[in-house]
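Contents: one structure, followed by commentary.
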Amino acid sequence: MAYQIDSYSFQGKRVLIRVDFNVPLNDELQVTDDTRIRAALKTIHKVAQAGGKVILMSHLGRPKGGPEAKYSMKHVLARLSELLAQPVAFAEDCVGEKVSTAVDAMKEGDVLLLENLRFYKEEESGDTAFAASLAKHGDIYVNDAFGTAHRAHASTAIVASFFKLKCFGYLMAKEVANAKKLMNNPDRPFTSIVGGAKVSDKIL
């Protein structure tokens, strides 16, 4: 069962957080819109300030068949560190011994950003073994990636099954509450605006 993030003590725990840092980059590979990063800050601060070890995982773009330099999560690192007002370590992979070593070296309050999940095709296919490898990094799982939560990817629906301790982050809780209000008790009149690259899929 998933609880609100305020239900847990994170002191000394490795906290694996799925965030949505799929942000736009310019030709110099600099973040041009940090809205999605800012949306996750409250959750990250909560865990870090409570003495947790924050391990962040996300995808970026649509790499084809493996690692592509332009889609590396390292391009998000500088802006994330600036917004958090603390240094953020970077792991050059999202699974394997190098990541385990980086996690083992973390101290309470540290933040570590993993490499792009979609460098592995197993992420989008919802591979159980890949999800298990991700789960090894954490004691508690937090899903704060509302924009990707509907997909049965390894880092969302699948990885959660490996944790007894799991919860929503603040962004997820806020978006779910907003959706419930719109469906059950909306303020009228209201306007619904649907956008994005796949908007045609959503228009009936």
Side-chain angles (χ1 to χ4, degrees), residues 14-34 36-41 43-44 47-48 52-84 86-107 109-149 151-160 162-163 169:
R14 300 171 304 151
V15 185
L16 185 64
I17 306 178
R18 179 51 159 106
V19 291
D20 183 4
F21 288 171
N22 186 25
V23 295
L25 305 173
N26 60 21
D27 291 340
E28 285 73 45
L29 299 178
Q30 300 168 324
V31 176
T32 58
D33 185 345
D34 61 14
R36 290 182 174 180
I37 301 175
R38 289 178 179 275
L41 294 180
T43 293
I44 298 170
V47 175
K53 302 172 184 179
V54 180
I55 300 103
L56 301 173
M57 56 180 180
S58 177
H59 75 280
L60 177 62
R62 296 181 179 180
K64 305 295 183 183
E68 295 183 46
K70 65 179 179 179
Y71 293 127
S72 175
M73 295 304 306
K74 67 182 180 182
H75 304 310
V76 178
L77 199 61
R79 187 56 180 151
L80 175 60
S81 298
E82 182 180 0
L83 290 172
L84 283 175
Q86 74 174 84
V88 177
F90 181 67
E92 295 181 355
D93 207 335
C94 58
V95 292
E97 292 185 8
K98 289 184 178 180
V99 181
S100 297
T101 299
V103 171
D104 289 343
M106 295 178 72
K107 299 178 181 179
D110 283 353
V111 180
L112 173 69
L113 177 64
L114 306 185
E115 185 55 284
N116 194 338
L117 294 163
R118 289 191 181 175
F119 284 173
Y120 289 86
K121 65 181 185 301
E122 291 87 351
E123 161 64 1
E124 292 186 87
S125 68
D127 184 79
T128 301
F130 181 65
S133 296
L134 293 171
K136 291 179 180 178
H137 306 323
D139 303 306
I140 301 174
Y141 172 69
V142 179
N143 191 340
D144 209 28
F146 180 77
T148 62
R151 300 188 178 104
H153 288 179
S155 65
T156 54
I158 313 304
V159 75
F162 290 93
F163 289 86

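Given the structure is predicted, the values throughout are model-derived calculations rather than measurements. Quick note: residue numbers are just sequence positions, from 1.
Between the side chain of Asp144 and the backbone N or O of Val19, no donor-acceptor pair lies under 3.5 Å. Of the possible donor and acceptor atoms, none in the side chain of Glu123 sits under 3.5 Å from a partner among the backbone N and O of Phe119. Between the side chain of Ser100 and the backbone N or O of Gly96 there is at least one donor-acceptor pair closer than 3.5 Å.
Between Val23 and Asp33 the shortest side-chain heavy-atom distance does not fall below 4.5 Å. Proximity of Val54 to Val15: side-chain heavy atoms (C-beta onward) are nowhere separated by under 4.5 Å. Contact of the Met57 side chain with the Val159 side chain is registered, since non-hydrogen atoms from C-beta on lie closer than 4.5 Å. The shortest side-chain heavy-atom distance between Lys136 and Phe162 does not fall under the 4.5 Å cut-off. Phe21 has its side chain out of reach of Asn116: every pair of non-hydrogen atoms, C-beta onward, lies at least 4.5 Å apart. Within the 4.5 Å cutoff, side-chain heavy atoms of Leu25 are placed close to those of Val31. Counting heavy atoms from C-beta on, the side chains of Ser81 and Gln86 never come closer than 4.5 Å. Between Ser133 and Tyr120 the shortest side-chain heavy-atom distance does not fall below 4.5 Å.
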Start with the C-alpha gap between Glu68 and Arg62, add the side-chain angles, then the distance that decides, and say whether side-chain contact (heavy atoms from CB on, under 4.5 Å) holds.
CA-CA 9 Å; Glu68 295 183 46; Arg62 296 181 179 180; over 6 Å; no

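Closest non-hydrogen pair, Phe163 versus Gly138, comes out as CE2-O, 3.3 Å. Considering all non-hydrogen atoms of both residues, Arg18 and Ser155 come closest at NE-OG, 2.7 Å. When all heavy atoms are compared, the tightest approach of Phe90 to Leu77 is CB-CD2, 3.7 Å. Residues Ile158 and Ala131 come closest through the heavy atom pair CG2-CB, 3.5 Å. Residues Val99 and Ala91 approach most closely at CG2-CB, 4.3 Å, considering heavy atoms.
Leu80 CG to Met73 CE: the interatomic distance, rounded to the nearest 0.5 Å, is 8.5 Å. One distance of note links CD1 of Ile37 with CG of Leu83; it measures 6.0 Å at 0.5 Å rounding. Interatomic distance, OH of Tyr71 versus CG of Asn22, reported as 9.5 Å (0.5 Å rounding). Between the CE atom in Met106 and the NE2 atom in His137 there is a gap of 11.5 Å [rounded to 0.5 Å]. Interatomic distance, Leu84 CG to Leu113 CG, rounded to the nearest 0.5 Å: 10.0 Å. In this structure, CG on Leu117 lies 5.5 Å from CZ on Phe130, to the nearest 0.5 angstrom.
A salt bridge is absent between Asp110 and Lys53; no separation between the charged side-chain nitrogens and carboxylate oxygens falls under 4.0 Å. Using a cutoff of 4.0 Å between basic side-chain nitrogens and carboxylate oxygens, Asp93 and Lys98 are not scored as salt-bridged.
Among Glu122, His59, Arg118, the single residue meeting the side-chain contact (heavy atoms from CB on, under 4.5 Å) criterion with His153 is Arg118.
Residue Glu28 qualifies as enclosed at atom CD: its count of foreign heavy atoms under 6.0 Å is above 12. Environment of CD in Glu92: sparse, with no more than 12 heavy atoms of neighbouring residues, nucleotides or ligands closer than 6.0 Å.
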